[in-house]
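Naming: A, B, ... by sequence-line order, numbering from 1 per chain. All figures in this text were calculated on a predicted structure; none of them were measured in a lab.
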Number of protein chains: 2
Amino acid sequence: MDAIGFERHDHSSCIRAGLDTVERACTDRGLQLTPVRRRVLELLLEGHRAMGAYEILDILRDEGMGSQPPVAYRALDFLVSHGFAHKVERLNAFVACMHPDQNHTPAFLICRACDAVAEAHADPARGFLGQAVRDTGFVVEQAVVEAVGLCPSCAAEAHA
Amino acid sequence: MDAIGFERHDHSSCIRAGLDTVERACTDRGLQLTPVRRRVLELLLEGHRAMGAYEILDILRDEGMGSQPPVAYRALDFLVSHGFAHKVERLNAFVACMHPDQNHTPAFLICRACDAVAEAHADPARGFLGQAVRDTGFVVEQAVVEAVGLCPSCAAEAHA
DNA sequence: CTGCATATGTTATATTATTACATGGAGAAG
DNA sequence: CTTCTCCATGTAATAATATAACATATGCAG
């Protein structure tokens, strides 16, 4: 388990790495990473935060890449459905996935003060859902954890 | 940990029990369980599933209890903010809480075939978020787990 | 009675998301 | 080379979800 999002890091290299990983995954799986899809992913990686569909659409429009909601939603659906991005339901917003090449149950840490979002991941096999779920007979296909609280820097300020 | 939602049970008694519990909690905490709030809770308990705000509003309107969105949203906000109901973000819908008197991290099991929702709960103390989260220094105030899959009866059908 | 806090009623609007249908391009089948 | 089909895109219209802002009650404390 690891978490990326709050600690400092070389941002431009993480954007490149993210794009590279997804490009490779698309080639491997025969998926088309079209210009719009690629640009949307890049925006999410650059933003390094949860972005709304309309926020993305505004940028696409400015860049002449389409101006109607479905353009953004379709690109986002593509990214989400192939695991290259996630939707943070709590915020109705989207984030690039930080480990697009592994199967995982994302856990989002959402700062209620600054809206930063970090992605950790929980291992379903380690039973974070517990015995009770298995007892119900429910077949879990996909799960997300969304936690709201304070990121380290906002928590520090709150103490001040 | 337990889960309520898929197994058969005495429905009318669970509605009564839910209302009773919340009534007591309101008395204890000096909260007003007004007619609208009470009726909305009752609808959620009766429905025993995730219901949309506008679905609830339609019923309230038919019953002459207010016809504009804020009426429903305010009642739902009251219930959610005091832990008597939860919002299932994935569905933009609300469910009555099955254990309104305990602090808990709800885990929703959402059937993608029939939309039934069961509420289990995960124990944050048992570390379902894992060490990584503690390592980030993020202060979790509240968390939910939303799992999508197949409920027992839909899973049985799928096998058939 | 006055003032305050809380809840409700109502209008309008903001935000998020989808439906439906037309257009275009790339590769396979003929 | 053409036609067909699949997939992606463009666009208009609208649906579904949610909130802002302001007016009106109602209960209770001073």
Open item on the list: Classify the ring geometry of A:F84 against A:F78: parallel below 30°, tilted from 30° to 60°, perpendicular beyond 60°.
Closed with: tilted
Task: B:C26 vs B:Q32 side-chain heavy atoms within contact, under 4.5 Å - done: no
Provide, to the nearest angstrom, the distance between the [atom1] atom belonging to [X] and the [atom2] atom belonging to [N].
| X | N | atom1 | atom2 | value |
| --- | --- | --- | --- | --- |
| A:L76 | C:dT18 | CG | P | 11 Å |
| A:R61 | D:dT9 | CZ | P | 17 Å |
| B:R90 | D:dT17 | CZ | P | 15 Å |
| A:L57 | D:dT9 | CG | P | 14 Å |
| A:E55 | C:dA14 | CD | P | 18 Å |
| A:D58 | C:dA17 | CG | C1' | 15 Å |
| B:F94 | D:dA16 | CZ | P | 16 Å |
| A:M65 | C:dG24 | CE | P | 18 Å |

Open item on the list: Please determine whether a side-chain nitrogen of the Lys or Arg among A:D77 and A:R74 lies less than 4.0 Å from a carboxylate oxygen of the Asp or Glu.
Closed with: no
- [ ] Using a strict 4.0 Å threshold on nitrogen-to-oxygen distance, state whether A:E46 and A:R39 make a salt bridge.
- [x] yes
- [ ] Check the hydrophobic clustering (I, L, V, M, F, W, Y; side-chain heavy atoms under 4.5 Å; chains of links allowed) and say if B:I59 and B:V36 are grouped together.
- [x] yes
Open item on the list: It should be established whether A:K87 places a side-chain nitrogen or oxygen under 4.0 Å from OP1 or OP2 of nucleotide C:dA17.
Closed with: yes
Open item on the list: Strictly below 4.0 Å: does A:S67 bring a side-chain N or O up to OP1 or OP2 of D:dG10?
Closed with: no
Open item on the list: One character per nucleotide, please: for nucleotides 19-30 of chain D, 5' to 3', B when the base has a protein heavy atom closer than 4.0 Å, S when only the sugar-phosphate does, - otherwise.
Closed with: BB----------
Open item on the list: If you assign A:L91 and B:A75 each to the DNA chain C nucleotide with the nearest heavy atom, which residue ends up on the more 5' nucleotide?
Closed with: B:A75
Task: Stepwise salt bridge (charged side-chain N to carboxylate O under 4.0 Å, His left out) check, A:R49 with A:E55 - done: CA-CA 12 Å; A:R49 65 194 168 82; A:E55 185 182 353; 2.6 Å; yes
Open item on the list: The side chain of B:N92 is closest to which nucleotide in this list: D:dA18, C:dA7, D:dT11?
Closed with: D:dA18
- [ ] Sequence neighbours left out, what passes side chain to side chain donor-acceptor pair (under 3.5 Å) with A:R37? Give chain and number order.
- [x] none
